[in-house]
Structures are given as C-alpha cells and as structure tokens.
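Everything below concerns the one structure shown next.
Every heavy atom of this structure was used, including side-chain atoms; hydrogens, water molecules and symmetry mates were not. In this text the structure is predicted, and so the values were computed from the model without any measurement. Chain A is the first sequence line, chain B the second, and so forth, proteins listed ahead of strands; every chain is numbered from 1.
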Amino acid sequence: MFAEVIVDVAAYPIDRPFDYSVPEMFQTIIESGSRVKVPFGNRQVLGFVTALKSDTDVPLDKQKPIGELLDIEPVLTEEMLAMTKWLKRHTLCYEIDALQVMLPSALRAKYEKILRIVDSNAELPQSVQALFQGKDSVELKADESKELLSTIKKLIKDQILVLETAIKQKTAVKKVRMVQIEADVNRLKEIHENVSNQAKKQKDVIKWMIDHAGERIILADVIKNLQTSNAVLQGVLEKGAATLELEEVYRDPYADRTIDVSKKHSLTDEQHLALSEIIHSYDQHEAATFLLHGITGSGKTEVYLQAIERSLKDQKEAIVLVPEISLTPQMTNRFKERFGSLVAVLHSGLSTGEKYDEWRKIKRGEVKVVVGARSAIFAPFQNIGLIILDEEHEGTYKQDDSPRYHARDVAIWRSEYHHCPVILGSATPSLESYARAKKGNYSLLTLSKRPREQALPEVSVIDMREQLKNGNRSMFSLELADAIRLRLEKGEQMVLFLNRRGHSSFVLCRDCGTVVECPNCDISMTYHRHQERIKCHYCGEESQVPNSCPQCSSEHIRFFGTGTQKVEEEIARFFPTARVLRMDVDTTRKKGSHEHILKQFGDGKADILLGTQMIAKGLDFPNITLVGVLSADTTLHLADFRAAEKTFQLLTQVSGRAGRHDKKGEVVVQTYTPDHYAIQFAKYHDFISFYNQEMMNRKQFAYPPFTFVVLIQITHEDVLMTAEYAHKAANWLRENLSNTAEIIGPTASSISRVQNRYRYQCLIKYKKEPMLPDVLQQLIRIYRTDWLKKGILMSIDLNPSSIM
DNA sequence: AGCACGCCGACT
DNA sequence: GTCGGCGTGCTC
C-alpha cells in the first residue's frame with residue numbers, strides 16, 4: 001500500500017505528490033486527509049495524505065515508509081481535498097499552501113532542531129558544554145554565534161553529536177485536571193475511618209467527598225471551594241478516595257458573557273419575499289447565488305437568521321462570513337442570541353488554541369452555525385445548507401498573500417458542492433456582483449425600506465474650499481461645528497470619521513521642503529504625538545521626532561496633514577466639554593479593546609466616537625444622530641480603479657450609522673471635491689445611479705466588470721534589477737498572450753519601495769484568454785527556476801482587490 | 001591543507 | 001525550503 005503525500009515544503013519542484021509506502025501497522029487506519037510525518041531528504045517533515053493506492057512507479061531504492069500517522073480521524077475531508085486542487089489552479093499557489101489555509105494554525109507543524117549527544121565518552125569543548133548544561137539533548141536555535149555553529153558542525157561530522165528535526169504541533173488540546181471521587185460510599189467511609197486524627201484537613205476533605213461520591217470535579221475548583229491545599233488533596237488521592245484524571249476541554253472565549261435569548265422579528269413584505277425566494281431555492285437543493293441588496297438598516301441580518309433557522313430544522317449547517325468579526329460584537333451577539341450554543345465564532349482576535357477549539361467543535365458537528373471572518377469559509381462542515389457573506393463588497397474577503405483567494409469564490413464553489421444557496425448581502429454591492437445579478441448569474445433580491453420606515457439620514461455635503469475662502473482654517477466646517485454643538489447640548493451621540501490614523505501624516509521642513517521619509521520605504525513618516533515618535537505605517541519603522549531637518553539642519557520643521565490623534569486634540573480645543581473615544585489601530589491593539597471601546601460608547605460614557613474605517617461597519621447604537629466625515633477625499637484620489645467605488649461604499653456605510661432607531665439622523669460630509677459623482681450619489685443614497693455612472697467609466701477604461709485583471713508585482717533590493725525583470729515579465733506576456741489582452745506597464749508601484757525592496761508592476765486586462773492559466777504557469781516556472789535565485793520576488797494576483 | 005562561501009541538484 | 005556535495009579562492 002502506498003500513500004500520495006504533499007509535504008510541507010513550499011518550493012517549485014516539490015509542489016507535487018510524493019509516494020510513500022504505508023507500514024503494516026497503519027494500513028487499516030490510514031485515510032486520505034490525514035497528516036503524517038515522513039522522511040524527506042535527510043530530515044523529517046509534516047505531510048498530508050491526498051490519496052492511497054496499491055502501486056507506485058517509484059523505484060524500490062527510493063521508496064521510503066511513512067514515519068508516523070498523526071491523525072486517526074483525517075483532518076481534511078474529501079471536499080477539502082477537492083477544494084485544494086481547485087484553489088491551486090485558480091490562485092496559482094503551492095498545493096501545500098492551499099492545504100494549510102483550510103486548517104487552523106494549531107494543526108500546522110512547528111519544526112525544532114534538536115542537537116543530541118551520541119558519543120557520551122567524547123570530550124566536548126567548553127562552549128558546547130555550556131549549551132547542553134548537562135542534558136543529552138537541546139534545541140538548537142538559529143541565533144547561536146557563528147563560532148559555536150561551526151564547532152557543532154565539526155562535532156556532527158565526527159559523529160559525536162547528531163542533529164534531528166522534531167515536529168511539534170503548535171497548540172495542543174487543552175486538558176484540565178479533574179478529581180474523580182470514588183463512587184462507593186462505604187469504601188469512602190472506610191477510608192475516612194482509617195485516616196489518622198492528626199490529618200484533620202484530609203479527614204474533612206474525605207468527609208465532604210462522602211456527600212459527593214462518584215462526582216467528577218475540576219481540581220482547581222475543589223481546592224478553591226474547600227479552602228484546602230494541593231498537599232492535602234494529594235494525601236487524599238494517595239489513600240484512594242479519589243483519582244486524578246485529565247479531561248479534554250474547550251477554551252471558551254465567551255465564558256464571561258451572558259447572552260440573552262432573542263425571538264425572531266416579524267418580517268416586512270420585502271424581507272418576506274427575499275426569504276421565501278431563498279428558501280425555495282434551498283428546498284430545491286440548488287446551488288444558486290443571491291445578491292441581497294438592502295439599504296443600511298433594512299434588516300438583512302433578520303433574513304439571514306430566518307434562512308439559517310430553516311436549514312437548522314433539517315440539521316444542516318450554515319456559514320456566515322462578516323468582514324472582520326472582532327469589530328462587530330453586535331453582529332456575533334445577534335447570532336448567539338438566536339442560536340445559542342449552536343454557534344461557533346472564528347476571528348483573528350482569538351488565540352491559536354481558541355481557534356483550534358472552535359474548529360474542532362465544527363468538525364465534530366457540535367455546532368451548526370459558524371460566524372467568522374474570511375478563513376471561516378473553510379469551516380469543516382460536512383452538510384452545509386446555507387452560506388452567507390455579509391457586506392460582500394468588502395475588500396477583506398480577498399486574502400492578500402498566498403493563496404490569494406476570494407471568500408466569495410470559495411463560497412460559490414462550496415455551494416455547488418453541497419447544492420445549497422449562497423447569499424451575498426450588501427447595501428453597496430460590488431460592481432462585479434451587481435453586474436452579475438443584472439445579467440442573471442445571481443438572483444437579485446432588494447430591500448429598499450427600513451422595517452420601521454425610519455427615513456434615511458439627511459446628508460449635507462460641505463465644500464471645504466468655501467470654508468477656507470471664508471477664513472475658516474480649522475478642520476471643522478461651521479456646519480459640522482454647529483451640528484456637534486447641538487448634539488452636545490441635547491446629549492445625543494455622534495460618530496466622527498477620518499480615514500487616517502496618527503497625528504500628522506507628514507513632517508516637512510519649511511526651509512528646504514524635505515519630507516521625512518521612512519528609511520526602508522518610499523513613504524512619508526507619520527507623526528504620533530502620544531509617544532512623541534514618527535512611524536512608518538507600511539513597515540512599522542519608528543524613530544524619534546527630529547529636532548532639525550535631516551537635510552539642511554534647519555529647525556523650521558512642521559507637522560502637516562491630519563490624523564485621528566490631531567482631531568482628538570482639536571475636539572478638546574473647540575468643544576472642551578465633549579467626551580471623546582478614539583478608535584483606530586493604535587487604540588485597539590490589545591485583545592478585547594474593540595469591544596471595550598464600543599461598550600463604553602454604548603453605555604453613554606462618551607459623546608463622540610472618533611475613528612478610522614473600523615467604525616464604518618456594523619455599529620448600531622440608538623442614540624447616534626450625527627455622523628461627520630471629516631474628509632471624504634482621502635480614498636477618492638487613490639491610484640486605483642476602485643477608488644470611486646470604495647469612497648461611495650464608505651460614505652454610504654458610515655452614513656448608515658446615524659438615525660437607525662427612533663431619532664432622526666444627520667450626516668455631514670466635508671470634502672474638497674463636492675461635485676464628484678461618488679459623493680453626490682452617496683448624498684442621495686442612490687446606489688443605482690452610482691452603479692450606472694461607474695459602469696460607464698469602467699467600460700470606457702476597460703476595467704472590471706467589463707474585463708478581468710491580473711496584477712503582477714516584481715520586487716528586488718536593486719531598482720535596476722527590479723525594472724529589468726519587470727520588463728522581462730511584461731515582454732514575455734506580450735509575446736505569449738493574444739493581442740486582445742492588454743498589458744499595461746511595467747510601471748513603478750505607487751509606493752515604489754517597501755521594506756527596502758523596490759516594486760514594479762504590470763497589469764493584464766483581458767476579456768477572454770483561454771491560454772492565460774498556462775501562460776502564467778509557465779511564467780511562474782521561469783521565475784521559480786531562474787529569477788528567484790537572483791533575489792527577484794514575483795507575485796501574481798488574479799482579480800486583485802486593489803491595484804496599488 | 002583547511003576552511004568559508006556560493007552554486008547546484010535532490011528530495012518518494 | 002533545506003540539506004549535502006562540490007568547486008573556487010583565500011589564508012596559514
């Protein structure tokens with residue numbers, strides 16, 4: 001018996017199955033989808049069994065046996081193995097990358113180099129003895145000194161030491177120590193009798209145990225509740241009154257929370273219609289995709305909940321994706337309220353162990369609904385009834401490193417596999433999805449009304465050029481300042497939005513015009529006042545704020561551009577009574593801090609919530625009556641064909657935060673380009689007109705959805721090398737693709753250097769290019785066999801979410 | 001000769 | 001990706 005194994009080595013010639021013989025002892029239990037340890041070259045690596053067979057073409061002298069079978073129950077299902085092949089072809093990634101992305105990181109291997117003494121009689125040099133500290137094996141870390149490493153090398157050659165690779169699972173199943181109390185009361189009484197009266201504490205414990213015979217209690221709880229000590233308990237255990245056992249437990253990220261149960265809401269006519277279409281398709285076991293276009297506050301979530309309820313009735317499972325779940329506890333709570341313990345939650349805020357535990361609950365079928373961010377689309381359910389992508393237009397559904405998959409595509413693939421519907425929900429659908437819905441590839445469902453008929457908020461667009469002309473140089477227009485003041489007087493809450501964190505976006509010398517740039521990246525450093533430092537938002541480089549210009553030594557350096565920190569100060573200056581909460585990457589780094597800030601705001605502990613994009617989504621507080629967008633222009637002028645779409649989406653999303661309940665909402669949008677159609681259509685909440693206008697632009701410039709786009713990026717430490725190989729790539733594409741494919745570039749990327757690597761890119765635009773996968777595959781081969789050695793890095797992104 | 005360093009090929 | 005093997009070229 002032989003197993004085809006994909007080994008955990010991401011390299012070009014390795015990206016195929018290797019055949020291993022299956023030792024007798026594993027033959028009855030091994031299955032495809034299991035993880036194995038295999039010898040590979042002169043080391044041990046982790047691998048995934050992708051197939052089993054009785055014969056192999058591998059010559060006898062090359063056949064090696066599987067070393068260890070790591071899973072009795074395979075971690076990958078047949079579906080996942082099929083999905084892997086598809087992902088590999090559609091994102092051009094290594095098969096091992098596609099396999100690993102389906103699993104929680106706890107199941108990935110951690111490799112350790114173990115140095116062991118084989119010849120214990122040999123005399124070891126002082127430095128090596130210090131390393132071993134009397135033990136016969138130690139972990140060899142890569143950061144040891146060069147001299148030590150070369151001495152070790154010599155000792156290995158002389159067969160005094162050996163180097164071994166150990167494979168460790170990153171995180172284990174959590175076990176808790178349980179006290180299993182003897183079930184036989186008479187036996188306990190007997191033990192109680194025999195304990196000497198000197199051991200009073202032990203006697204007390206045993207006496208208590210007589211009343212709890214046969215019970216199984218967490219050790220830590222026993223000690224705590226009986227006010228006793230571990231030493232006393234050990235004594236009791238020795239006498240046989242109880243035994244110690246390990247029990248598997250789940251880490252529970254929601255342990256300290258009580259969640260109320262909620263009933264279903266009654267539906268509006270529109271909601272009802274949408275739901276019945278979805279359920280109809282569900283009953284037919286159709287792999288249909290629905291685009292649920294519902295204005296903000298129109299009750300999309302209630303439609304999701306009731307559709308899931310339907311699938312739960314049949315014991316089927318549901319996957320719900322949300323953009324980045326830790327940002328919207330309000331959303332997860334709604335699912336927990338409705339479905340209780342049937343819900344698993346997966347998001348980046350969980351620890352490796354917590355994610356692993358949620359994953360196991362899903363795999364074992366202990367939960368039926370998973371609510372999670374992008375990677376939750378790979379949830380190991382076996383009988384899916386429904387898949388939902390909320391805010392389907394969000395860029396976070398596209399992974400921006402290998403495998404560069406889009407969760408929407410995976411969702412549709414899985415829906416075909418399980419013959420179940422997919423719901424894509426959004427107030428501002430992506431142009432791609434809306435175009436597909438109009439063409440009939442997706443079914444369009446519309447929610448145009450809010451359930452309690454609340455009006456959409458009034459949006460006023462303020463021309464900041466006029467403000468400047470009239471002598472208002474502050475960041476608040478008169479209109480916005482008035483609106484804020486009014487809310488403060490009335491005790492209502494507001495959200496202020498600015499898409500830029502930090503204090504000032506650049507530091508400029510007023511004598512020579514020098515802008516302080518990151519030493520590693522071609523981008524200006526952002527000033528952070530709290531730590532009094534400047535930071536690069538791309539590579540994380542930090543340094544002291546210079547006292548003088550690094551170029552001309554002038555002391556006339558000033559801070560320009562506005563970030564959230566500066567707004568916070570300005571609010572304090574203009575509205576001294578206002579209580580402000582700032583929410584951006586800098587204030588939410590700690591685990592649970594999102595929730596903490598939102599809870600404070602929800603409890604009315606602040607008047608103003610000030611933040612970056614992360615406050616645009618999902619917030620639902622009844623007392624918010626004003627949303628202020630301090631500068632609508634930041635996303636508008638990006639060098640990306642989706643800039644207008646992103647701006648429209650963002651404005652619509654933030655506007656939707658105001659007046660969701662009984663109180664009427666107002667939105668003030670400040671901009672230097674008030675006439676731009678993205679801003680104008682957002683003012684009137686008019687998605688359809690925006691769509692039509694934007695589609696005309698896309699058509700004119702041949703961008704998606706009229707074409708498909710592939711982004712190829714080349715990076716190298718040397719500019720000339722980068723440009724040279726970018727040209728090679730572009731030329732090669734021009735020679736090999738049909739002349740209906742347009743190849744743009746190569747051009748320097750808009751941030752031309754990041755982390756000391758120069759970046760060039762080219763863009764392929766095509767309508768129909770049947771040879772494209774092959775041509776790209778060949779380009780990858782040239783790259784991996786030749787260019788990679790010269791230090792060139794190339795990435796290919798099919799349907800990129802941004803071309804910057 | 002002894003070794004550091006870089007390049008190449010193999011890995012079932 | 002990571003190892004060993006091998007050639008080159010430097011140093012004692």
Side-chain angles (χ1 to χ4, degrees), chain A residues 1-24 26-27 30 32 34-70 88 92-101 105 108-116 125 127 139-159 161-168 170 401-403 717-718 721 780-795:
Chain A
M1 193 188 207
F2 297 91
E4 290 187 3
V5 175
I6 299 291
V7 293
D8 182 15
V9 177
Y12 178 66
I14 312 303
D15 190 25
R16 62 183 178 86
F18 283 80
D19 292 353
Y20 283 85
S21 64
V22 180
E24 193 76 43
F26 300 145
Q27 292 205 352
I30 196 164
S32 50
S34 291
R35 293 172 308 148
V36 286
K37 260 187 214 177
V38 289
F40 192 71
N42 46 4
R43 61 208 162 113
Q44 298 285 317
V45 294
L46 186 102
F48 293 91
V49 178
T50 53
L52 292 165
K53 55 190 184 183
S54 52
D55 292 305
T56 179
D57 301 332
V58 176
L60 208 66
D61 61 316
K62 287 198 171 177
Q63 288 176 15
K64 286 187 190 176
I66 284 172
E68 213 174 302
L69 179 62
L70 294 168
K88 179 182 182 178
L92 304 169
C93 67
Y94 291 119
E95 194 161 343
I96 189 68
D97 284 343
L99 285 164
Q100 308 250 43
V101 80
S105 60
R108 279 174 222 167
K110 193 177 144 226
Y111 295 94
E112 254 174 30
K113 287 181 180 172
I114 305 288
L115 202 55
R116 205 159 54 81
S127 58
E139 187 191 343
L140 182 65
K141 299 200 180 76
D143 57 358
E144 299 291 357
S145 72
K146 267 198 171 160
E147 298 98 288
L148 186 60
L149 285 176
S150 71
T151 338
I152 289 169
K153 222 175 189 175
K154 219 177 291 166
L155 290 167
I156 292 171
K157 218 178 211 161
D158 298 343
Q159 303 198 326
L161 302 178
V162 281
L163 196 55
E164 294 165 346
T165 36
I167 306 179
K168 288 205 169 146
K170 275 192 182 156
D401 50 79
S402 176
E717 288 171 9
D718 180 76
M721 283 282 280
I780 289 173
R781 193 164 76 210
I782 298 171
Y783 156 66
R784 285 177 185 165
T785 51
D786 187 15
W787 301 1
L788 202 54
K789 290 175 198 142
K790 301 187 171 76
I792 298 283
L793 289 180
M794 179 178 82
S795 72

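The base of C:dG4 has none of its N or O atoms less than 3.5 Å from a complementary donor or acceptor on the side chain of A:Arg43.
Taking each heavy atom of A:Ala10 and A:Tyr94 in turn, the nearest pair found is CB-CD1, 3.6 Å. Across every non-hydrogen atom of A:Ile792 and A:Leu788, the tightest pair is O-CD1, 3.6 Å.
The interatomic distance linking A:Arg108 (CZ) with C:dG1 (P) rounds to 16 Å, in whole Å. Separating the CG atom of A:Asp8 from the C1' atom of C:dT2 is a distance of 12 Å, rounded to the nearest angstrom. With rounding to whole Å, A:Glu112 atom CD is found 21 Å from C:dG1 atom P. Rounded to whole Å, the distance from CZ on A:Arg784 to P on B:dC8 is 19 Å. Look at NZ on A:Lys53: it is 10 Å from C1' on B:dT12, rounded to the nearest Å. Distance CD1 (A:Ile14) to C1' (C:dC3): 11 Å, rounded to an integer number of Å. In this structure, A:Leu788 atom CG and B:dC7 atom C1' are separated by 14 Å, rounded to whole Å. Rounded to whole Å, atom C1' of C:dG4 lies 7 Å from atom CG of A:Asn42.
A:Lys64 contributes a side-chain N or O that, together with a main-chain N or O of A:Gly41, makes up a donor-acceptor pair within less than 3.5 Å. A:Tyr20 contributes a side-chain N or O that, together with a main-chain N or O of A:Pro39, makes up a donor-acceptor pair within less than 3.5 Å.
Looking at heavy-atom distances under 4.0 Å, A:Asp19 makes contact with a base. Among the protein residues, A:Arg16 comes within range of the nucleic acid bases, having at least one heavy atom under 4.0 Å from a base atom. Residue-level contact check: A:Phe40 touches the bases, meaning some heavy atom is under 4.0 Å from a base atom. If you check every strand for non-hydrogen atoms under 4.0 Å, A:Pro13 touches a base.
Checked against side-chain hydrogen bond (donor to acceptor under 3.5 Å, both in side chains), A:Thr56 has the following partners two or more places apart in sequence or in another chain: A:Asp19.
Close to B:dC7, at under 4.0 Å from its OP1 or OP2, lies no side-chain N or O of A:Lys790.
Which of B:dC11, C:dG1, C:dC3 sits closest to the side chain of A:Phe18 comes down to B:dC11.
A:Lys53 has a carboxylate O that lies under 4.0 Å from a charged side-chain N of A:Glu4, or vice versa, which qualifies the two as a salt bridge.
Near DNA chain C, defined here as any heavy-atom distance below 4.0 Å, there are no residues from residues 54-68 of chain A.
Because its NZ or CZ atom is both nearer than 6.0 Å to the ring centre of A:Phe18 and within 45° of the ring axis, A:Arg16 counts as a cation-pi partner of that residue.
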